[in-house]
Protein chains: 2
Amino acid sequence: MFAGPRELEVSEMSVPDPPWQQRAARKRSAKRPLDTDVIVRTALELTDREGLDAVSMRRVAQELGTGAASLYAYVRNKSELQELMLDLVIGEVPLPEPDPARWEEQLKQFARDQLRVFTAHPGMAQVVARTPAPTGPNALQVTETMLTLLRGAGLPDRIAAFAVDLLALYPNAIALERTADFALTDGERDERMSQVEDYFAALPAERFPNLLAILPVMMSDEGEERFEFGLELIMRGLRSWVE
Amino acid sequence: MFAGPRELEVSEMSVPDPPWQQRAARKRSAKRPLDTDVIVRTALELTDREGLDAVSMRRVAQELGTGAASLYAYVRNKSELQELMLDLVIGEVPLPEPDPARWEEQLKQFARDQLRVFTAHPGMAQVVARTPAPTGPNALQVTETMLTLLRGAGLPDRIAAFAVDLLALYPNAIALERTADFALTDGERDERMSQVEDYFAALPAERFPNLLAILPVMMSDEGEERFEFGLELIMRGLRSWVE
DNA sequence: ACCTGAACACCGTTCAAGT
DNA sequence: ACCTGAACACCGTTCAAGT
């Protein structure tokens, strides 16, 4: 496995090159033989800038000054590359020091951090949705910590096992929603938004009385409150199983 | 808009052609000019057989005996085609006659039906995740009915607005998970499963004590109970907001 | 032993040219 | 007015041929 983001590489700890050497340094790094790590990081940087859909084997190779075929020496296929990217991303979710007394707040914060991290890497939430059970080292560490909190709270093992799934599912589903329109420009987003608003407002009141009654609430811009509502609902549900 | 599945077309109500006329009938139908409806239905049939990833504009056109370019007279682009497919699928979710006394059970059944329908059309859950707010006629009807149940239960409008989102999000996220490995053969699925199991079992006990303690529960095949747990959790959470 | 150009079998979308 | 062949600019992946 490649090094997760919590481990610093030697190169990251050293002093930066002075400006007059940077051109040479870049050239050297371009000529340095590939390895899995640099491929995965390059793919992730491209994701951050242009979204996962723009990350093709060809684009990543181009970014590294080589051809797509060369990547296949280090990565089985595109799907494996995405799973490696995924574990790198999961590694950015901060791990709390489990404090049984604050289990609810710590689990909520976990979910908030997960949402934040996946929103910063547009499209990576799709990879989670496609990956049955993430088994990278960072994913395992996250799961272990969540289980510590859930079992420490006094939840039965069976409930804890279900809950750990649910607590990963929810922020990921929201991240999926929030990064869905990443490819759209702000103008296109606004246009779509006002079109939807007009369309809803024009619905026949006799067929959609509840929808129209609730329209102002649905259209109000409270994405964050909506997410927090879901978290609070999950916590209230979990509390009911604490023995 | 094209006709939803709840409306019968004339052709569907008529008696089937006798066998000796069917070849001619098929030929005629192959020559009949395209329309949006037949394109959407063909795309959905292809999805059911081979999964959404196999549904390209070219494949759909081929199925209809024409070229991809011809589809663009009836459908703006691939994304619009998928949104039309989505509303057709949502139309398969049965609408209950709202009974305020049974709001919890009716909402649960809604979620179960949504999961079932989206599992039957592998990949369509991805389209939901990508579509900010489905606005097709069938989607609107589903939302209206859910809101009737939620408001009828005595939930405040704000909570009802949040809850209707959550109640669509959850079965969809599970459907996404369940249809993720549609492209895999049964053999590949089993192989992956047993690999994951071996991998988990080999983890160092001192670093992952909770994960290992809970492994039997996580590996037990209770996907349905897991889904029902989430439903029950949502209901317990919602109950706490009933005024 | 390692790397890669070129090829294969695909994409979504556009548009000039046909009927 | 309607339809579509061919083209454009892309894909993921393989493999023979090069160094």
Side-chain angles (χ1 to χ4, degrees), chain A residues 27-40 42-44 46-47 49-86 123-124 126-127 130-131 180-185 188, chain B residues 27-40 42-44 46-47 49-86 123-124 126-127 130-131 180-185 188:
Chain A
K27 224 175 193 170
R28 188 164 45 85
S29 105
K31 277 190 180 175
R32 186 169 50 187
L34 293 176
D35 61 52
T36 307
D37 197 73
V38 74
I39 292 172
V40 175
T42 303
L44 197 55
L46 196 51
T47 302
R49 290 202 307 277
E50 307 187 26
L52 186 71
D53 290 346
V55 181
S56 64
M57 299 299 276
R58 283 167 137 100
R59 273 300 301 279
V60 174
Q62 186 189 313
E63 214 85 359
L64 289 164
T66 182
S70 302
L71 305 183
Y72 287 83
Y74 303 95
V75 152
R76 213 199 316 266
N77 50 36
K78 194 184 178 182
S79 149
E80 190 184 90
L81 171 57
Q82 292 186 340
E83 278 174 46
L84 292 172
M85 292 164 71
L86 176 58
M124 288 307 295
Q126 287 170 238
V127 181
R130 237 183 276 132
T131 310
D181 54 2
F182 181 77
L184 271 57
T185 65
E188 289 171 328
Chain B
K27 224 174 192 169
R28 187 166 44 85
S29 105
K31 279 190 180 178
R32 185 169 50 188
L34 292 177
D35 60 54
T36 307
D37 197 72
V38 75
I39 292 172
V40 175
T42 304
L44 197 55
L46 196 51
T47 302
R49 289 202 307 277
E50 306 187 26
L52 185 71
D53 291 345
V55 181
S56 64
M57 299 298 278
R58 284 167 137 102
R59 274 299 301 278
V60 174
Q62 187 189 311
E63 214 85 359
L64 289 163
T66 182
S70 303
L71 305 183
Y72 287 83
Y74 303 95
V75 153
R76 213 198 316 268
N77 49 35
K78 195 184 178 182
S79 147
E80 190 184 271
L81 172 56
Q82 292 186 340
E83 279 175 45
L84 293 172
M85 292 164 71
L86 177 58
M124 289 306 296
Q126 287 171 237
V127 181
R130 239 183 274 132
T131 309
D181 54 2
F182 181 77
L184 271 56
T185 65
E188 288 170 328

_Students often get this wrong, so: under 4.0 angstrom with heavy atoms, is B/Ala68 touching a base, only sugar-phosphate, or nothing?_
base
*Base, sugar-phosphate, or nothing: which does B/Arg76 touch, judged by heavy atoms less than 4.0 Å apart?*
nothing
_A/Arg130-B/Gln126 side chain donor-acceptor pair, cut-off 3.5 Å_ = no
_P gap between D/dA9 and C/dC10, integer Å_ = 22 Å
_C/dC2 versus D/dA17 - spacing of their C1' atoms, nearest Å_ = 13 Å
_Within 6.0 angstrom of A/Arg49 CZ, more than 12 heavy atoms from elsewhere_ = yes
Among [options], find the nucleotide with the atom closest to the side chain of [X].
| X | options | answer |
| --- | --- | --- |
| A/Lys78 | C/dG12, C/dT4, D/dT13 | D/dT13 |
| A/Ala69 | C/dG5, D/dT13, D/dG5 | C/dG5 |
| B/Arg58 | C/dT13, C/dA7, D/dT4 | C/dT13 |
| A/Ser70 | C/dC3, D/dT14, C/dT13 | C/dC3 |

_Nearest whole Å is fine: how far is D/dT13 P from A/Met57 CE?_
6 Å
*Within this structure, what is the CZ-to-C1' distance between B/Arg59 and C/dA9, rounded to whole angstrom?*
13 Å
*Euclidean distance, A/Phe182 CZ relative to A/Leu52 CG, rounded to 0.5 Å*: 10.5 Å
*asked:* My understanding is that only one of B/Leu71, B/Thr36, B/Ile39, B/Leu44 makes a side-chain contact (heavy atoms from CB on, under 4.5 Å) with B/Leu81; could you say which?
replied: B/Ile39
_Pairing check on C/dC2: which nucleotide meets the Watson-Crick or G-U wobble criteria with it, both distances under 3.5 Å?_
D/dG18
*May I ask you to verify if any side-chain N or O of B/Thr66 is less than 4.0 angstrom from the OP1 or OP2 atom of D/dT4?*
yes
